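First comes the structure, then the notes that go with it.
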2 protein chains.
Amino acid sequence: MLPSSTVENYLKAIYVGETQLANGQKLVPMGQLASVLGIAPGTATTMVKALAESGLAVYEPYNGVRLTSAGEKLAARVLRRHRLMELFLVQVMGMRWDEVHDDAEQLEHVVSDRLVERIDEMLGHPEADPHGDPIPTAEGKLAERPLDTLLTCPLHTPVTVARVTDQDAAFLRFIESHHLKPGQTIEVEARDEVSDAVRLKGRDDARMTIGARAASKLLVKAS
Amino acid sequence: MLPSSTVENYLKAIYVGETQLANGQKLVPMGQLASVLGIAPGTATTMVKALAESGLAVYEPYNGVRLTSAGEKLAARVLRRHRLMELFLVQVMGMRWDEVHDDAEQLEHVVSDRLVERIDEMLGHPEADPHGDPIPTAEGKLAERPLDTLLTCPLHTPVTVARVTDQDAAFLRFIESHHLKPGQTIEVEARDEVSDAVRLKGRDDARMTIGARAASKLLVKAS
DNA sequence: GAACCGATTTTGATTAATCAAAATTAAATC
DNA sequence: GATTTAATTTTGATTAATCAAAATCGGTTC
């Protein structure tokens, strides 16, 4: 029984939700799930019970939900398709990185294994999509490495942008126009708790100040 | 209100069904519709009534159904996507012409206008897909020209294969291996009503005999 | 014209996915 | 410990799409 697009979306949301949990936590709460999927809370409860029934998730009433290994496998497949499609649309179809999310959101549910693997090959078995999000392997392994954000990385030290964790088109265009895309090198000059601001030194020593909320969406590694 | 994949499939089936009607006929019978869509006859009736309700089709009880101009517009859009995707999968993704149908069947419902038009451009605004089926324009115009089949074309006269009206993979592979793909030139040497056979002269004067049913699926034009 | 037959329509049910609103629970506050 | 609150679950309905099987229709056949 192959999963419907709806089920795939639930699995993906739980999978991604799990990776974002504070250390130690292991259950994604219903409220969060409902909100990222844009559905009523009661709907999430009903659906998650069905997922548990079919062995894809473990459901603890009032606590939340996590995936079984079967569920994780399926979720990784969907995420693999999504991220490969995003990269394909940018690299091969020449689309902008801020306009590929919605297409990938649809395509992830319908592309055949044959086509996905051909795309993977055409792209040279890439490890990350245009936003730096890691692409699960065909076997369902996801290499999530722990990264600093611009709120946690050391000051006055060159770092390389590795990942942008927001799909909003306007935000992505801002990132691009300020040379903050994955691969580019920057440095945090100062953080101010009170004003909630982070001051950066970018390419050509350009200075810019962004809010803490935005800074937390830029993941970096030492460079 | 954008149409569901199901509705798109009904529209496409009616649209294609209309073009295959004997001259003078204008209604697609429910039975045929149900059979090409692989659904129960009663389901077709119910759905077609709903299509009529929403102004996409005209339904005459016990006689059949045809599209309104609004329905035709939508159907042409779906067909355009399907055929452009087939050609894209062959030309750009390097897939074989006998393996692209199922992927295109899914993709036709989800690719965005932006992506479709980019593909159209990348392919140089093509007029036909790999099977020779004409691609409707973005405005919904379909250039269906009347063609002979190998059962109706003149004998002992060179003709060019223009279109293969069967998506069966085994059949397509047969066509390919015998050099009968669209664009290739052949000649009908003889037809025999009794044995139901058609004898052809192909590339390098190769002789072959095919059945009338197969011959009717090869559309040709004078060359 | 009566009887039959194949195609079509109706009927009654089912499944997946959803919502709004009422009921309940767990945890936090007093 | 009683009360309030926020999250969650339950309930009752709805919509889209489907089926099987019974009923009906339209057009031959006798």
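Per chain, numbering begins at 1; letters A, B, ... match sequence-line order. Only a predicted model underlies this, so the values are computations on that prediction, with no experimental measurement involved.
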Output the rounded distance in Å from [atom1] ([X]) to [atom2] ([N]).
X        : N      : atom1 : atom2 : answer
A:Leu27  : C:dA26 : CG    : C1'   : 15 Å
B:Leu33  : C:dA7  : CG    : C1'   : 14 Å
B:Leu37  : D:dT18 : CG    : C1'   : 13 Å
A:Gln32  : D:dT8  : CD    : C1'   : 15 Å
A:Leu51  : C:dT18 : CG    : P     : 11 Å
A:Ile39  : D:dT15 : CD1   : P     : 19 Å
A:His109 : C:dA17 : NE2   : P     : 12 Å
B:Glu60  : C:dT9  : CD    : C1'   : 16 Å

Aromatic rings B:Phe88 and A:Phe88: how do their planes relate, parallel, tilted or perpendicular, breaks at 30° and 60°? perpendicular
Picking from A:Gln106, A:Glu108, A:Arg77, A:Glu8, what satisfies side-chain hydrogen bond (donor to acceptor under 3.5 Å, both in side chains) with A:His82? A:Glu108
To the side chain of A:Met47, which of C:dA17, D:dC19, C:dC19 is closest? C:dA17
Rounded to the nearest 0.5 Å, what separates atom CG in B:Asp98 from atom CZ in B:Arg173? 5.0 Å
Can you tell me how far apart CG (B:Leu51) and CG (B:Leu56) are? Round to the nearest 0.5 Å. 6.0 Å
Is [X] close enough to [N] that one of its side-chain N or O atoms is under 4.0 Å from OP1 or OP2 there?
X       : N      : value
B:Tyr59 : C:dT8  : no
B:Lys49 : C:dT10 : yes
B:Thr43 : D:dC19 : yes
B:Tyr62 : C:dT10 : no

Relative to the 5' end of DNA chain C, which residue comes earlier, B:Thr46 or A:Pro41, by the nucleotide with the nearest heavy atom? B:Thr46
Counting only heavy atoms and a strict 4.0 angstrom limit, can you tell me which residues of residues 2-9 of chain B come near DNA chain D? B:Ser4, B:Thr6
Are [X] and [Y] within salt-bridge range, i.e. N to O under 4.0 Å?
X        : Y        : result
B:Glu60  : B:Lys26  : no
B:Asp166 : B:Arg213 : no
B:Asp129 : B:Arg80  : no

Using a heavy-atom cut-off of 4.0 Å across all strands, would you classify B:Gly31 as base, sugar-phosphate, or nothing? sugar-phosphate
